[in-house]
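This report refers to the structure that appears directly beneath it.
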Amino acid sequence: MFEPVIAPSGTLLGLLQRGRGDGTLHALTAPRAEALAALNHCVLSDPRHDWQVENRSLYYARLYLDLHGELDEIERHLFAAEDVLDTCESRTGLALAVLGHLASYGRRDALELLRRYAAHGTNWAWALDELALRDDDAGLRALAAPVLARFSTDAEGEAELATVVRDAFEPRPWRLWAEDSRESIATRVRAAQETGCFDRWQRQMRPTGPRPGWSVRAVFEWAQQGIERGAVLHVPAARCLTAVAGPEDRPEILEAARAGSDGARCTALRYLADGNDPDALDLIEGAVADGSAAVVDAAVDAFERMCSVAAVDRARRWAHRPDVLGAAAGRMLACRGGTKDSDLVLGALREAVRGEGPDAPTLWTLVDGAGRLGIVCAAPVLRHIYRETASSHLRGRAARALAATDPSFPSGFAVECLWDCEESTREIAARHAETGDTRVVEQLRRLAADPAEEDEVQTAVRSRIGPDAPAV
């Protein structure tokens with residue numbers, strides 16, 4: 001999947017791609033055709049950098065409802081020839097999830113479209129999961145024959161069916177089909193269920209990997225074998241060292257951390273850091289100076305996991321370094337430093353934005369740290385990150401940090417956050433948004449009454465408009 005192209009944050013398309021609350025507010029005041037065109041663009045060309053964790057489907061579904069949007073463009077997208085050529089579920093996943101929410105809001109056309117795609121589309125399993133949550137028994141039973149027809153009746157087809165049944169995210173359709181009145185369907189699904197259960201049992205009876213009886217050297221060799229075949233095993237290997245290593249093995253582990261193979265070195269560094277070994281910090285510094293890329297990454301990760309006072313003190317010394325260890329030191333101070341470290345955290349935050357932009361992975365920790373330490377001077381940088389980042393999760397973290405650092409947040413960004421695509425961001429807004437704006441009161445009431453809204457958001461809303469809450 002190609003990286004999505006995100007429009008500027010000041011445009012309607014850019015706002016909707018980011019899932020910002022202002023996107024909904026602008027779309028409702030823009031010409032309807034323009035708003036629907038931007039909305040369809042987002043749904044058909046998923047704008048998320050990480051589509052597996054970022055939320056957009058409920059956000060877009062609500063906007064379809066508000067705009068009384070037709071589903072013709074989604075239908076064309078789902079049943080285009082590309083559906084057969086591009087089988088990656090990310091191509092259609094967002095559209096199917098939007099249809100699922102629309103179906104739960106009573107849109108019959110969305111429900112029928114999901115049924116058709118489950119019967120004929122390539123990403124049928126996703127559509128079936130959406131229907132499992134929203135369709136009635138009769139609608140699901142009608143899909144049994146077309147879904148089972150996808151699997152041949154030879155041994156290979158039955159094995160594939162068993163795997164699909166075993167790994168199904170929503171088991172309701174398969175349970176219904178196992179009790180189907182048509183014996184040919186029920187017998188086949190029950191056989192697949194039994195095969196899947198047997199496969200799972202076999203995997204449990206054949207565990208792989210190291211055993212507590214292994215030696216330290218054997219654990220290091222196992223970790224190195226993982227690197228040679230492209231698997232990162234130093235984290236489980238370090239846990240295994242905890243079980244097999246004794247005090248007499250410390251010299252061998254220290255030597256591996258200094259000059260061992262990449263697998264052994266990564267494993268030893270992780271083990272020593274997790275145990276707060278007195279030599280761990282010096283060894284980490286040495287690994288960053290002369291290690292391979294894999295060793296450097298493992299050393300930095302091991303350092304950031306350390307919780308000791310010595311590690312925090314070392315982070316204060318390293319925070320000015322212009323390398324990955326200096327960046328890691330800034331993140332450690334953001335997580336574990338005190339108010340005296342505010343300037344160092346602020347400096348790391350500003351440097352990350354200047355050097356890597358508003359989507360830098362390091363910003364997640366630094367933004368949280370700015371909020372935790374209440375760094376008021378960080379508010380301008382946090383507002384910039386909030387506006388510009390394409391990550392809805394990072395924007396939510398920026399909103400949380402602004403709530404702790406920016407006095408203007410309740411009357412500013414908190415208002416638009418009530419329409420944000422992330423439920424955690426809507427929850428922050430529900431707790432902080434000033435209710436002098438009539439839009440705020442109306443949206444709070446809508447969220448409280450919406451059955452699709454998350455419980456945490458509705459709890460926050462009720463704390464503002466419930467019987468025991470101050471009048472809004």
Side-chain angles (χ1 to χ4, degrees), residues 1 3 49-53 88 90 167 202-308 311 314-315 318 321-332 335 356 360-362 364-365:
M1 180 180 176
E3 283 292 311
H49 284 277
D50 190 344
W51 62 273
Q52 293 179 307
V53 298
C88 181
S90 62
D167 298 336
Q202 282 188 313
R203 288 205 306 269
Q204 293 169 347
M205 294 298 291
R206 294 196 301 264
T208 59
R211 304 288 192 278
W214 279 22
S215 66
V216 168
R217 181 177 298 277
V219 173
F220 286 152
E221 291 174 353
W222 180 67
Q224 181 60 27
Q225 290 167 6
I227 284 184
E228 291 171 357
R229 65 174 186 268
V232 180
L233 297 178
H234 69 272
V235 174
R239 289 197 296 267
C240 188
L241 272 189
T242 303
V244 305
E248 69 279 4
D249 297 307
R250 185 170 180 270
E252 181 179 359
I253 296 173
L254 290 175
E255 181 57 29
R258 288 190 191 94
S261 65
D262 282 1
R265 198 172 186 185
C266 293
T267 301
L269 289 169
R270 179 66 169 244
Y271 170 80
L272 294 170
D274 285 353
N276 286 320
D277 188 279
D279 289 328
L281 291 167
D282 290 336
L283 289 168
I284 287 171
E285 188 172 19
V288 170
D290 61 16
S292 66
V295 170
V296 171
D297 289 344
V300 170
D301 184 57
F303 169 64
E304 288 192 64
R305 288 173 52 84
M306 298 181 73
C307 302
S308 65
R314 189 68 67 95
W318 287 345
R321 291 176 58 132
D323 60 4
V324 292
L325 198 52
R331 293 191 294 271
M332 174 172 280
C335 292
E356 302 178 60
T362 190
W364 291 50
T365 303

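No hydrogens, no waters, no symmetry mates; every other heavy atom, side chains included, goes into these values.
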On a heavy-atom basis, which atom in [X] and which in [Y] lie closest, and how many Å separate them?
X    : Y    : value
A311 : F303 : O-CE1, 3.9 Å
C335 : T365 : SG-CG2, 3.3 Å
A298 : H234 : CB-NE2, 3.8 Å
A287 : V296 : O-CG2, 3.8 Å
V300 : R331 : CG1-NH2, 4.0 Å
Q224 : A264 : OE1-N, 4.3 Å

If you measure from the Lys or Arg side-chain nitrogens to the Asp or Glu carboxylate oxygens, is any gap between R314 and D282 under 4.0 Å?
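Salt bridge: yes.
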Please determine if R270 and D274 form a salt bridge, counting it only when a charged side-chain N lies under 4.0 Å from a carboxylate O.
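A salt bridge links R270 with D274.
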To the nearest 0.5 Å, what is the distance between [atom1] ([X]) and [atom2] ([Y])?
X    : Y    : atom1 : atom2 : value
Q225 : S261 : CD    : OG    : 10.0 Å
I284 : D279 : CD1   : CG    : 11.0 Å
W222 : L233 : CH2   : CG    : 4.5 Å
Y271 : L254 : OH    : CG    : 9.5 Å
S308 : L281 : OG    : CG    : 6.0 Å
R250 : D277 : CZ    : CG    : 4.0 Å

Any side-chain heavy-atom pair from V216 and L241 closer than 4.5 angstrom?
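Yes, side chains in contact.
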Just by modelled atom types, is the G246 backbone N or O under 3.5 Å from a matching donor or acceptor in the D249 side chain?
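Confirmed, D249 side chain pairs with G246 backbone.
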Heavy-atom donor-acceptor pair, R265 side chain to A256 backbone, under 3.5 Å:
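Looks like no, no N/O pair under 3.5 Å.
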Checking side-chain contact (heavy atoms from CB on, under 4.5 Å) against I253, which of L272, L269, V219 comes through?
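For I253, the side-chain contact (heavy atoms from CB on, under 4.5 Å) check succeeds only for L272.
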